[in-house]
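Okay, so here's the structure we're looking at.
If you read the sequence from its start, that first residue is 1, and numbering goes on from there.
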Amino acid sequence: MGQQSVQILGTGQLLELSRKLKAAGGARLKANFGRRVRRAAEPLRDDMRQTIRILPIKSDPRKSGNRGGPSPISRPLRATIAEQVRIAVRTSGNPGARVWLDKGGLPPGLPGVAEALNSKGRNRHPVFGNKRRWVQQTTTPLWWDRTVRAHTPRMTREIAHVLEDVRGWIE
């Protein structure tokens, strides 16, 4: 999962098409191409957000005593992570769509949580920043990867269709 992203690239085909779009001087064509590539990636982004929101995360049971306090983040963990799933579309250079997790938009202390939950299926952290008390949260590992695999065939078909349409416009 590395940087928490998936890229749909037809590499050679998209690059060749991007060059032809530039040569055709079609700003409108390029915008239409980008919009259709983004639309092909939107269902993955939406499903990824939904997957994160309903991800079953279990924690160690609470110990007895007077413990607790205010949460260091104002939003629930899953909703906070889900809102940072983004789409980036490029129509030149290395054209394609990228669905990724914007770690910069996460509160301090959370950037590695999604990756840990995906790769290991667990996240161990101090309770409200107290380094003397730790808790472990567990979930089903590889949830990001499974969601990407489920969408890859559809996205590949949609991108191939976009490539055919755009090729027809410029040739």
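Across all their heavy atoms, V37 and A97 have their closest contact at CG1-CB, 3.6 Å.
The pair R78-E83 does not meet the salt-bridge criterion, since no charged nitrogen lies less than 4.0 angstrom from a carboxylate oxygen. Classification of R36 and E158 as a salt-bridged pair fails, no side-chain N sitting under 4.0 Å from a carboxylate O.
A donor-acceptor pair is defined here as one N or O able to donate and one able to accept, closer than 3.5 Å; such a pair exists between the side chain of T139 and the backbone of P56.
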Q: Evaluate the side chain to side chain contact (heavy atoms under 4.5 Å, CB included) criterion for residues E115 and K103: first the C-alpha distance (whole Å), next the side-chain angles of each, then the deciding distance (0.1 Å), finally the verdict.
A: CA-CA 10 Å; E115 189 168 355; K103 294 179 184 180; 3.3 Å; yes

Q.
Run V135 and R124 through side chain to side chain contact (heavy atoms under 4.5 Å, CB included) and show every step you take.
A. CA-CA 6 Å; V135 66; R124 188 170 182 268; over 6 Å; no

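With values rounded to the nearest 0.5 angstrom, Q137 atom CD is found 6.0 Å from L77 atom CG. Between the CD1 atom in I57 and the CH2 atom in W143 there is a gap of 8.0 Å [rounded to 0.5 Å]. A distance of 9.0 Å separates CG in D145 from OG in S119, rounded to the nearest 0.5 Å. Distance check: S59 OG to H125 NE2 gives 6.0 Å after rounding to the nearest 0.5 Å. Taking CZ of R49 as the reference point, atom CD of Q84 lies at 8.5 Å (rounded to 0.5 Å). For the atom pair L101 CG and R86 CZ, the distance stands at 9.0 Å (nearest 0.5 Å).
Tracing side-chain contacts under 4.5 Å through hydrophobic residues (I, L, V, M, F, W, Y), one reaches V99 starting from L55; they form part of the same cluster.
For the pair R35/R39, a side-chain contact is recorded, criterion being any heavy-atom separation below 4.5 Å from C-beta on. Side-chain contact check for P43 versus R154: some heavy-atom pair is nearer than 4.5 Å. The shortest side-chain heavy-atom distance between M48 and H151 does not fall under the 4.5 Å cut-off. The shortest side-chain heavy-atom distance between L44 and M155 falls under the 4.5 Å cut-off. With a 4.5 Å cut-off on side-chain heavy atoms, V85 and W144 count as touching.
No option in N123, T140, I52 other than N123 meets the side chain to side chain contact (heavy atoms under 4.5 Å, CB included) test with L117.
Under a cutoff of 6.0 Å and an axis angle of 45°, R98 and W100 form a cation-pi pair.
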